[in-house]
2 protein chains.
Amino acid sequence: MLREEERLALGAFVKLSRAVETVIAKTQRHLADSGLTLSQFGVLEALYHLGPLNQREIGRKILKSSGNISLVLTNLERRSLIHRTRLAHDRRHVTVELSDRGRELIETIFPRHSGTIVAALSVLDRQEQEELGRLCRKLGLANRSGRGQERT
Amino acid sequence: MLREEERLALGAFVKLSRAVETVIAKTQRHLADSGLTLSQFGVLEALYHLGPLNQREIGRKILKSSGNISLVLTNLERRSLIHRTRLAHDRRHVTVELSDRGRELIETIFPRHSGTIVAALSVLDRQEQEELGRLCRKLGLANRSGRGQERT
DNA sequence: CGGTGATAGTTTAATATCAAACTATTTTAC
DNA sequence: GTAAAATAGTTTGATATTAAACTATCACCG
């Protein structure tokens with residue numbers, strides 16, 4: 001019914017999706033203990049590793065629309081995990097940075113998050129993880145949204 | 001700063017997530033032309049390939065919570081793409097099936113959807129797709145949610 | 001200047017998503 | 001046979017998500 005080429009590609013993609021979903025589900029369970037969603041964690045982690053960013057830069061890092069970032073930041077701000085500041089010399093930009101509480105939280109949570117992923121991937125040996133990374137990198141780069149299809 | 005094991009696993013996982021996100025983004029753009037979300041498409045596709053199912057079975061197929069399935073079905077029902085029927089001999093169960101309109105729609109859309117994925121994966125040759133499938137299958141199976149963590 | 005266009009962020013409307021509480025129904029145990 | 005437990009589905013409350021419309025600000029050009 002399906003051509004061979006089709007069967008192979010669809011099968012690989014289903015397995016790819018399922019694999020990501022199962023690992024993400026594990027990380028979400030653990031993040032929920034701290035009352036964080038995966039998106040909130042993504043923002044805190046980006047700020048932690050890259051320092052203060054404006055909202056567009058955050059959106060580019062975690063691949064979300066600007067409207068979405070705006071909301072996620074509002075929720076983080078409500079819990080005093082980040083600060084937003086308008087730049088004086090260009091009032092269109094908002095600089096986002098971790099609060100002390102936010103820094104403490106991400107410093108506590110990141111090792112656990114990382115541990116969850118390392119454990120999940122540990123069914124694959126070093127060489128398999130390298131190969132998986134190589135194939136996914138190739139796939140991701142070839143299909144990255146180009147030609148004016150970035151999210152606004 | 002990060003141990004080698006950690007760097008490798010986190011790196012592989014980020015690439016894995018990005019690859020899935022980029023391919024999914026492509027399929028969503030195309031599904032949006034028909035006014036379907038990915039979840040709605042997932043339901044229609046399951047019904048198309050597997051025949052009538054109850055809501056729990058659908059949830060298991062597309063890995064979503066029962067509450068979510070309930071809502072997605074309501075939205076599909078509003079557009080007359082599916083029918084819901086209570087089973088006479090066990091009134092707890094709802095049998096979901098494609099309407100004629102739903103069948104027409106999925107028959108039109110599925111080939112395009114499939115084509116999008118085949119095209120996206122085509123940067124990998126046959127052997128690479130097989131290897132990617134093998135690695136992801138291993139990863140997914142090892143981390144499938146067990147121990148009472150299914151979604152309700 | 002002074003308007004035109006670009007850029008950053010916010011808001012809105014629709015859908016999705018989960019966990020948890022809830023309803024309805026059936027099965028099981030006593 | 002009825003009470004308790006299990007099962008299927010729905011609802012609720014909170015967050016996420018996008019596209020598109022919108023606001024505010026700045027840059028550039030005449």
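Below, chains carry the letters A, B, ... as their sequence lines are ordered, and counting in each starts from 1.
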Tell me: [atom1] of [X] to [atom2] of [N], nearest whole Å?
{"X": "Q40(A)", "N": "dA14(D)", "atom1": "CD", "atom2": "P", "result": "14 Å"}
{"X": "L31(B)", "N": "dT15(C)", "atom1": "CG", "atom2": "P", "result": "15 Å"}
{"X": "H93(A)", "N": "dG9(C)", "atom1": "NE2", "atom2": "C1'", "result": "10 Å"}
{"X": "I62(B)", "N": "dT15(C)", "atom1": "CD1", "atom2": "C1'", "result": "13 Å"}
{"X": "R56(B)", "N": "dA6(D)", "atom1": "CZ", "atom2": "C1'", "result": "11 Å"}
{"X": "I69(B)", "N": "dT17(C)", "atom1": "CD1", "atom2": "P", "result": "8 Å"}
{"X": "Q55(B)", "N": "dT17(C)", "atom1": "CD", "atom2": "P", "result": "15 Å"}
{"X": "L73(B)", "N": "dA8(D)", "atom1": "CG", "atom2": "C1'", "result": "13 Å"}

Students often get this wrong, so: under 4.0 angstrom with heavy atoms, is N68(A) touching a base, only sugar-phosphate, or nothing?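 It contacts base atoms.
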Would you classify L38(A) as touching base, sugar-phosphate or nothing, given that sugar-phosphate means primed atoms plus P, OP1 and OP2, and contacts are heavy atoms under 4.0 Å?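 If one applies the 4.0 Å heavy-atom cut-off, L38(A) turns out to touch nothing in the nucleic acid.
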Of all the choices, [options], which nucleotide is nearest to the side chain of [X] once you look at every atom?
{"X": "K64(B)", "options": "dT17(C), dA16(D), dT10(D)", "result": "dT17(C)"}
{"X": "L71(B)", "options": "dA16(C), dT15(D), dA8(C)", "result": "dA16(C)"}
{"X": "V72(B)", "options": "dA16(C), dT10(D), dT25(C)", "result": "dA16(C)"}

For R86(A) against R91(A), the heavy-atom pair lying closest together: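 In terms of heavy atoms, the two residues are closest at NH1-O, 2.9 Å.
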Grab the two heavy atoms, one from L47(A) and one from E97(A), that are nearest each other, plus how far apart they are.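 Closest heavy-atom pair between L47(A) and E97(A): CD1-C, 4.2 Å.
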Do any side-chain nitrogens or oxygens of [X] fall under 4.0 Å of OP1 or OP2 in [N]?
{"X": "S39(B)", "N": "dA16(C)", "answer": "no"}
{"X": "S70(B)", "N": "dG9(D)", "answer": "no"}
{"X": "N75(A)", "N": "dA14(D)", "answer": "no"}
{"X": "R79(A)", "N": "dT15(D)", "answer": "no"}

Inspect the contact between K61(A) and E57(A) and indicate whether a charged nitrogen and a carboxylate oxygen are less than 4.0 angstrom apart.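 No salt bridge links E57(A) with K61(A).
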So that I can tick it off, tell me whether R134(B) and E128(A) are bridged by a salt bridge, with the cut-off set at under 4.0 angstrom between side-chain N and carboxylate O.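 Yes, this pair counts.
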Given DNA chain D, 5'-ward residue of the pair H89(A) and R78(A), judged by closest heavy atom: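 Taking each residue's closest nucleotide, the earlier one in sequence belongs to R78(A).
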On DNA chain D, nearest-nucleotide positions of L87(A) versus N54(B): which is more 5'?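 Checking each residue's closest nucleotide, the 5'-ward one belongs to N54(B).
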Earlier contact from the 5' end, DNA chain C, for D90(A) and G67(A):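 The residue mapped nearer the 5' terminus is D90(A).
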Are side-chain heavy atoms of V72(A) and T37(A) found at a separation under 4.5 Å?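 Of all side-chain heavy-atom pairs linking T37(A) with V72(A), none is under 4.5 Å.
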